[in-house]
Visitor: 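Dumping the structure here so I can ask a few things about it.
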Amino acid sequence: MALNVTFAVSTWLWSSPFNKETVKLFPKIKSYGYDAVEIPVEDPALIDIDWVKKALADNGLRPVLCGAFGTSRDLTNEDPAFHQTCFDYLDSCFEIASELGASFVAGPMYSAVGKARLVSAEQKKIEWNRAVTNLRKVCHRAGEFGLEIAIETLNRFETDLINTSEELMKLITDINEPQAKAILDGFHMNIEEPSIEHAIKTVGDKLIHVQVSENYRGTPGTGQTNWAAWKRGLEAINYQGVISIESFTPDVKELAGAVCIWKPLVPSQDGFAKEGLEFLRKWAAE
């Protein structure tokens with residue numbers, strides 16, 4: 001059965017951070033056949049909302065907003081000043097999303113990316129409770145903008161709080177707010193999930209966004225990802241949202257260092273985008 005989905009690509013595939021220059025990618029992205037573009041908000045001050053809105057309209061692309069959660073944006077830190085920094089940042093993301101016509105902001109917003117430690121059960125419970133309390137506040141704020149949040153699991157090397165779909169659903173259940181939804185990223189799932197199909201079914205109707213690449217962050221269809229399991233899982237929950245290719249360029253050293261890409265994954269980033277979409281369209285239609 002064919003999937004009723006649309007496709008996006010993250011501008012991280014070519015550049016970072018997103019700014020006025022990044023919209024020059026939009027005509028190319030549209031020409032490859034994408035329906036949407038994933039916009040990573042690293043620094044909200046660099047995003048000219050009117051400029052981006054016009055570029056989206058000119059190229060017939062829908063926006064998907066993805067957050068970036070560095071050391072200072074940590075809702076589990078013992079210092080409330082870090083929480084406020086993250087609240088302020090997410091407020092800016094919500095404003096951008098609302099103005100651009102996106103329906104949610106996605107990302108691992110519960111903690112700082114890279115916070116991966118072996119901590120006691122007591123300490124983990126403290127940080128879990130901080131995440132729940134603070135994400136409730138984030139949900140209320142998102143609701144004021146008419147938005148949802150898509151919470152993302154990360155692999156064990158990038159966070160010690162949420163690694164699997166079951167943990168994600170426990171967090172969403174504990175938050176207990178209608179705005180709390182889920183995003184699944186295939187790269188992290190390939191590391192952490194025994195069954196991709198089961199993971200998707202576990203999240204079920206909370207799933208509002210999907211990110212994919214290959215198991216090595218390369219072009220979809222060129223690695224070891226179990227795409228048949230992806231298809232069965234998405235069919236089972238009747239997923240009808242966006243499937244977005246997310247990977248990164250080794251040419252932006254700060255970004256490449258953050259995601260541990262030490263060499264080119266493909267001969268061409270443009271080829272990555274074109275060939276990845278060709279594979280995904282064929283896979284979704286089968």
Visitor: Does the pair Tyr89 and Phe69 meet the rule for a ring-ring contact (aromatic ring centres under 6.0 Å, His included), with working shown?
Guide: CA-CA 9 Å; Tyr89 164 71; Phe69 298 89; 5.6 Å; yes
Visitor: How many angstroms lie between atom CG of Leu154 and atom OG1 of Thr159, to the nearest 0.5 angstrom?
Guide: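 Those atoms lie 6.0 Å apart.
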Visitor: For the hydrophobic clusters of this structure (ILVMFWY residues joined by side-chain heavy atoms under 4.5 Å, transitively), does one cluster hold both Phe187 and Val252?
Guide: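 Result: no, two separate clusters.
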Visitor: Find out if a path of hydrophobic residues (ILVMFWY) with successive side-chain heavy-atom gaps under 4.5 Å connects Ile196 to Val242.
Guide: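 Result: no, two separate clusters.
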Visitor: Are any of the side-chain heavy atoms of Leu100 and Leu65 separated by less than 4.5 Å?
Guide: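 In contact.
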Visitor: Thr6 and Tyr34: side-chain donor and acceptor closer than 3.5 Å?
Guide: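 Distance-only check fails for Thr6 and Tyr34.
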Visitor: Do the side-chain N and O atoms of Trp14 and Asp251 include a donor-acceptor pair separated by under 3.5 angstrom?
Guide: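 No.
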Visitor: Can you tell me if Glu235 and Trp230 form a side-chain donor-acceptor pair at under 3.5 Å?
Guide: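 Note: Glu235 and Trp230 side chains miss the donor-acceptor criterion.
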Visitor: Hey, can you tell me if Phe279 and Trp227 have their rings parallel, tilted or perpendicular (30° and 60° cut-offs)?
Guide: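 Ring orientation, 0 to 90° scale: perpendicular.
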Visitor: Supply the atom-to-atom distance Thr164 OG1 to Ile191 CD1, rounded to the nearest 0.5 angstrom.
Guide: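 Going from the OG1 atom of Thr164 to the CD1 atom of Ile191 covers 13.5 Å.
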Visitor: Looking only at the side chains, is there a donor atom on one of Asn129 and Glu127 sitting less than 3.5 Å from an acceptor on the other?
Guide: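 Looking only at side-chain atoms, Glu127 and Asn129 do not form any donor-acceptor pair under 3.5 Å.
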Visitor: State whether a side-chain donor-acceptor pair under 3.5 Å links Glu42 with Ser16.
Guide: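 Judged by distance alone, the side chains do pair up.
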Visitor: Side-chain donor-acceptor pair under 3.5 Å between Glu177 and His140, yes or no?
Guide: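 Indeed, the side chains of Glu177 and His140 share at least one donor-acceptor pair under 3.5 Å.
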Visitor: Under a plain distance cut-off of 3.5 Å, with no hydrogens placed, do Thr225 and Asn190 share a side-chain donor-acceptor pair?
Guide: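 Their side chains do contain a donor-acceptor pair, which is all the 3.5 Å distance test asks for.
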Visitor: Which heavy atom in Pro250 sits nearest to a heavy atom in Lys253, and how many Å separate them?
Guide: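 Closest heavy-atom pair between Pro250 and Lys253: O-NZ, 3.1 Å.
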Visitor: Please identify which of these residues, Gln240, Lys231, Glu286, meets the side chain to side chain contact (heavy atoms under 4.5 Å, CB included) condition with Leu3.
Guide: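 Of the listed residues Gln240, Lys231, Glu286, the side chain to side chain contact (heavy atoms under 4.5 Å, CB included) partner of Leu3 is Lys231.
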Visitor: Within this structure, what is the NZ-CG distance for the pair Lys206 and Leu168, rounded to the nearest 0.5 Å?
Guide: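 One finds 10.5 Å between NZ of Lys206 and CG of Leu168.
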Visitor: Any side-chain heavy atom of Phe94 within less than 4.5 Å of one from Val138?
Guide: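 Side chain of Phe94 against side chain of Val138, heavy atoms only: contact under 4.5 Å found.
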Visitor: Using the side chain to side chain contact (heavy atoms under 4.5 Å, CB included) definition, which of the options Pro267, Pro264, Pro220 pairs with Phe272?
Guide: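 Looking at Pro267, Pro264, Pro220, the match for Phe272 under the side chain to side chain contact (heavy atoms under 4.5 Å, CB included) is Pro220.
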Visitor: Apply salt bridge (Lys or Arg N to Asp or Glu O under 4.0 Å) to the pair Asp58 and Lys54, showing each step before the final yes or no.
Guide: CA-CA 6 Å; Asp58 288 348; Lys54 183 178 187 303; 2.7 Å; yes
Visitor: Count the heavy atoms belonging to other residues, nucleotides or ligands that lie under 6.0 Å from CD of Gln84, then report whether that count exceeds 12.
Guide: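 Yes, the 6.0 Å shell around CD holds more than 12 heavy atoms from other groups.
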Visitor: With no hydrogens and no angle check, do the side chains of Glu38 and His209 hold a donor and an acceptor under 3.5 Å apart?
Guide: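 Per modelled atom types, Glu38 and His209 side chains form a pair under 3.5 Å.
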Visitor: Would the number of heavy atoms belonging to other residues, nucleotides or ligands and lying under 6.0 Å from CZ of Arg136 be above 12?
Guide: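 Yes, CZ of Arg136 has more than 12 neighbouring heavy atoms, counting only those of other groups under 6.0 Å.
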Visitor: Just checking, any donor-acceptor pair under 3.5 angstrom between side chains of Lys115 and Thr76?
Guide: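 Result is yes, a qualifying pair exists.
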Visitor: Under the salt bridge (Lys or Arg N to Asp or Glu O under 4.0 Å) rule, what do Lys28 and Asp270 come out as? Steps first, then yes or no, please.
Guide: CA-CA 9 Å; Lys28 176 164 59 178; Asp270 287 353; 2.9 Å; yes
Visitor: Drop me the distance from Gln269's CD to Ser247's OG, to the nearest 0.5 angstrom.
Guide: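 Those atoms lie 7.0 Å apart.
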Visitor: Side chain to side chain contact (heavy atoms under 4.5 Å, CB included) with Tyr110: which of Ile175, Leu171, Leu75?
Guide: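 So the option named by the test is Leu171.
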